[in-house]
Colleague: 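Sending over a structure as structure tokens; questions will come in a sec.
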Number of protein chains: 2
Amino acid sequence: MLKVNETKTPQTVADHAQIVRPHPHCAHHIKGDDCRVCQVRPLGICAVLEPDEWATIEQISQTVPFAERDTLVSETDDCTHFYSITAGVARLIRHLPDGRRQVMGFALPGDFLGLSLGKAWSFSVEAITPMTTCRFARHAIVQLVDQKPHFLMRMHEMASAELNLAQDHMVLLGRLTAEEKIGTFLLEMRRRWARIDGHTSQNVPLPMGRQDIADYLGLTIETVSRTINQMQRARHLVIVPDGIRLMDAAYFEHLSPSV
Amino acid sequence: MLKVNETKTPQTVADHAQIVRPHPHCAHHIKGDDCRVCQVRPLGICAVLEPDEWATIEQISQTVPFAERDTLVSETDDCTHFYSITAGVARLIRHLPDGRRQVMGFALPGDFLGLSLGKAWSFSVEAITPMTTCRFARHAIVQLVDQKPHFLMRMHEMASAELNLAQDHMVLLGRLTAEEKIGTFLLEMRRRWARIDGHTSQNVPLPMGRQDIADYLGLTIETVSRTINQMQRARHLVIVPDGIRLMDAAYFEHLSPSV
DNA sequence: TGTGACGCTTGATCTGGATCAATGCAGGTT
DNA sequence: AACCTGCATTGATCCAGATCAAGCGTCACA
């Protein structure tokens, strides 16, 4: 039951809009896109492929768009397809029976859903903005991984990086204060956007809502709102449409114990 | 500055002692052990190897024992060796500059340290009991992984399982109450011991101290102690030397929202 | 130009778990 | 036996962040 809302534009601050907005060239194709023009190839799973292997990937991929609020995969689903995100932002989320939620992370352009290669998803993925994805049948990727060890190695590298992030996040959830959690989160988002668009800006797009941030950091929506507004009153940041602007980098780096 | 205490026996309840105690046949050899008698081979990274490949592994492995409180690896170290745990229990831990700690997990027999294949450790590993390990030079494993794709696939499977556990733990840290955290932890430990010794017992060995449990669950030592003792007063469990005995499985399963 | 829904903010109050402070207890050492 | 050291337990008190409860602004649509 997917609610489709194609008219709404992604919520991002101006200097990132061209990244998050679905790539106009490919958003409505059915067959896989032209890898030669893929904007996220150097970031994602395909970075390890040689140009002569692009045709192989193109043949087993389809471009699939999603609207805001669509569910890409549900934690109860079997895993029939994997996704490489080419535009837009999604949340990876686990639901408890009583309605509590934990957001495991946010999937940004270049991220791959299905790194574990397993047959079952262990989380739901929900589009926060309109999205464009490269979709692969699971069996095709399993076959590719069998044939090309360097592709498997790339999957393993990315899964290892994911495990590292998960461990960073365990420290955050288990041992940081609300202020430290928010500060660490904002630095993390700045770092991840910088990797995507290649330049460091003090503007940090936050396409996810306050509730998603709260469920990511193990806080309530009220504490997230209060803490960000306190930081604004203290002139450490400015709240801008669809994000924030860091005004005091030293404050945030001092706040983040792990970095 | 490692305090060596070879005389002390592992702290486990009786029906698990033979698993955690260093294997007398091999504890003091320098060269790698005989894979044919390895008790954890079916559990660990080596489960995927055919008998004719055991010789390869034996040639690149050494048996290395550690005493209680030894540091196997430090989070600041470069990663020169990997370890497969054949006996004993260790904690995987991150330290914050101000002394706060987060225990990322506990390594039990069959677990492999170095799944990410990366050049740097992202956590310290400290022996909780006397341990026996199979040690491998990093370059030898990297070479093996290059030559034997099914070995890399096994590494990837185990890393994926680890990522899944990490995500379970994020839910626990971010959204469960103290009582739910303790209950989930006890069930997790029972499940892991059952996998090692092959039968389900209501006795759950807890070789780690209360402080380690607290740092694993994002609680304080006082809350851990209080909660476990409340459970005992409510007849849900009995505290026994070096562990606990579950008396009311239904209570614990009802308490653990994810399972 | 209303109006209703939704997301965010802000204030008042409450409370689960942290902090502070003893005490107990088992093992190891002299 | 006396002493020490490192856990674990238990009680008293505190407080960061949760909960409860309004408001506010924006936007889609009537």
Side-chain angles (χ1 to χ4, degrees), chain A residues 3-11 67-69 91 98-102 128-129 172-183 206-233 237-244 255, chain B residues 3-11 67-69 91 98-102 126 128-129 172-183 185 206-233 237-244 255:
Chain A
K3 185 184 161 196
V4 176
N5 185 349
E6 293 268 295
T7 60
K8 186 150 185 184
T9 56
Q11 301 184 339
E68 199 180 327
R69 287 165 208 273
R91 55 177 172 256
D98 63 359
R100 283 176 288 179
R101 310 189 319 164
Q102 176 68 38
I128 288 174
T129 68
L172 179 146
L173 289 169
R175 287 295 178 232
L176 300 201
T177 65
E179 190 187 15
E180 290 169 330
K181 285 176 177 181
I182 297 281
L206 299 176
M208 68 294 291
R210 296 288 187 267
Q211 186 63 61
D212 287 335
I213 299 176
D215 288 334
Y216 182 53
L217 301 179
L219 299 170
T220 59
I221 187 172
E222 293 94 334
T223 300
V224 170
S225 181
R226 266 188 259 273
T227 306
I228 291 181
N229 281 283
Q230 274 159 24
M231 287 173 174
Q232 175 163 243
R233 258 172 261 127
L237 57 76
V238 178
I239 300 172
V240 299
D242 306 319
I244 59 99
L255 198 57
Chain B
K3 183 186 163 196
V4 176
N5 186 348
E6 292 269 295
T7 59
K8 185 152 187 184
T9 55
Q11 301 185 339
E68 200 181 326
R69 286 163 210 273
R91 56 177 172 257
D98 62 359
R100 283 177 286 180
R101 310 189 321 165
Q102 175 68 38
E126 301 167 1
I128 288 173
T129 67
L172 179 147
L173 289 170
R175 286 296 178 233
L176 300 200
T177 65
E179 190 188 16
E180 290 169 330
K181 286 176 177 181
I182 297 282
F185 168 68
L206 299 176
M208 68 295 290
R210 295 287 187 268
Q211 186 63 62
D212 287 335
I213 299 176
D215 287 335
Y216 182 53
L217 301 179
L219 299 170
T220 58
I221 187 172
E222 292 94 334
T223 299
V224 170
S225 180
R226 266 188 259 275
T227 305
I228 291 181
N229 281 282
Q230 274 159 25
M231 287 173 173
Q232 174 162 244
R233 258 172 261 127
L237 57 76
V238 178
I239 301 172
V240 298
D242 305 321
I244 59 99
L255 198 58

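All figures in this text were calculated on a predicted structure; none of them were measured in a lab. Just so we're on the same page: letters track the sequence lines, and every chain starts at 1.
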Colleague: Are A:I228 and A:V224 side-chain neighbours, meaning at least one heavy-atom pair lies under 4.5 Å?
Modeller: yes

Colleague: To the nearest 0.5 Å, what is the distance between CZ (A:R210) and CD (A:E222)?
Modeller: 12.5 Å

Colleague: Given atom CZ of A:R100 and atom P of D:dT19, what is their separation to the nearest angstrom?
Modeller: 10 Å

Colleague: Please determine whether any donor N or O and acceptor N or O are separated by less than 3.5 Å between the side chain of B:R233 and the base of D:dT9.
Modeller: no

Colleague: Give, for atom NZ of B:K181 and atom OH of B:Y216, the distance between the pair rounded to the nearest 0.5 Å.
Modeller: 12.0 Å

Colleague: Report each atom pair, protein N/O against N/O of nucleotides 22-24 of chain C, whose distance is under 3.5 angstrom.
Modeller:
none

Colleague: Could you provide the dot-bracket string of DNA chain C, using ( ) for intrastrand pairs, [ ] for crossing pairs and | for bases paired to another strand, with Watson-Crick or G-U pairs below 3.5 Å?
Modeller: ||||||||||||||||||||||||||||||

Colleague: Quickly work out the A:R175 CZ to D:dA16 C1' distance and round it to whole Å.
Modeller: 15 Å

Colleague: With the side chain counted from C-beta on, respond yes when B:L176 and A:R100 share a heavy-atom pair under 4.5 Å apart, and no when they do not.
Modeller: yes

Colleague: Report yes if some heavy atom in the side chain of A:L219 is under 4.5 Å from a heavy atom in the side chain of A:R226; otherwise report no.
Modeller: no

Colleague: For nucleotides 13-17 of chain C, tabulate all protein N/O to nucleotide N/O atom pairs closer than 3.5 Å, reporting atom names and distance.
Modeller:
{"residue": "C:dG17", "atom": "OP1", "partner": "B:A178", "partner atom": "N", "Å": "2.9"}

Colleague: Within the structure provided, determine whether B:L173 and B:Q102 are in side-chain contact (heavy-atom separation under 4.5 Å).
Modeller: yes

Colleague: Does A:Q211 make a side-chain donor-acceptor contact with the base of C:dC8, cut-off 3.5 Å?
Modeller: no

Colleague: Evaluate the side-chain proximity of A:R175 to B:D215: yes if any heavy-atom separation is below 4.5 Å, no if none is.
Modeller: yes

Colleague: Starting the side chain at C-beta, find the nucleotide from C:dT10, D:dA12, C:dA21 nearest to A:N229.
Modeller: C:dT10

Colleague: Would you say the side chain of A:Q232 lies within less than 4.5 Å of the side chain of A:V238, judging by non-hydrogen atoms?
Modeller: yes

Colleague: Between B:P207 and B:T129, which heavy-atom pair has the shortest distance, and what is it?
Modeller: CB-CG2, 3.7 Å

Colleague: Is a donor-acceptor pair below 3.5 Å formed from side chain B:R210 to base D:dG6, judging by atom type as modelled?
Modeller: no

Colleague: Would you kindly give the CD1-to-P distance between A:I244 and C:dT9, to the nearest whole Å?
Modeller: 12 Å

Colleague: Let me spell it out: for each of B:R226 and B:G209, pick the nucleotide of DNA chain D with the closest heavy atom. Which residue's pick is nearer the 5' end?
Modeller: B:G209

Colleague: Mind checking the CD-OG1 spacing from B:E180 to B:T227? Nearest 0.5 Å is all I need.
Modeller: 11.5 Å

Colleague: With no hydrogens and no angle check, is any side-chain donor or acceptor of B:N229 less than 3.5 Å from a backbone partner on B:S225?
Modeller: yes

Colleague: Let me know the distance between CD1 of A:I182 and P of C:dT9, rounded to the nearest Å.
Modeller: 11 Å

Colleague: In this structure, how many angstroms lie between the P atom of D:dC7 and the CE atom of B:M208, rounded?
Modeller: 15 Å

Colleague: Rounded to the nearest angstrom, tell me the gap between atom CD in A:E68 and atom C1' in C:dG7.
Modeller: 12 Å

Colleague: What integer distance in Å separates A:R69:CZ from D:dA28:P?
Modeller: 12 Å

Colleague: Flag the pair B:I128 / B:R91 as yes when at least one side-chain heavy-atom distance between them is below 4.5 Å, and no otherwise.
Modeller: yes

Colleague: Of all the choices, D:dA8, D:dG11, D:dT19, which nucleotide is nearest to the side chain of A:E222 once you look at every atom?
Modeller: D:dT19

Colleague: How many Å lie between CD1 on B:I221 and P on C:dT19, as a whole number?
Modeller: 13 Å

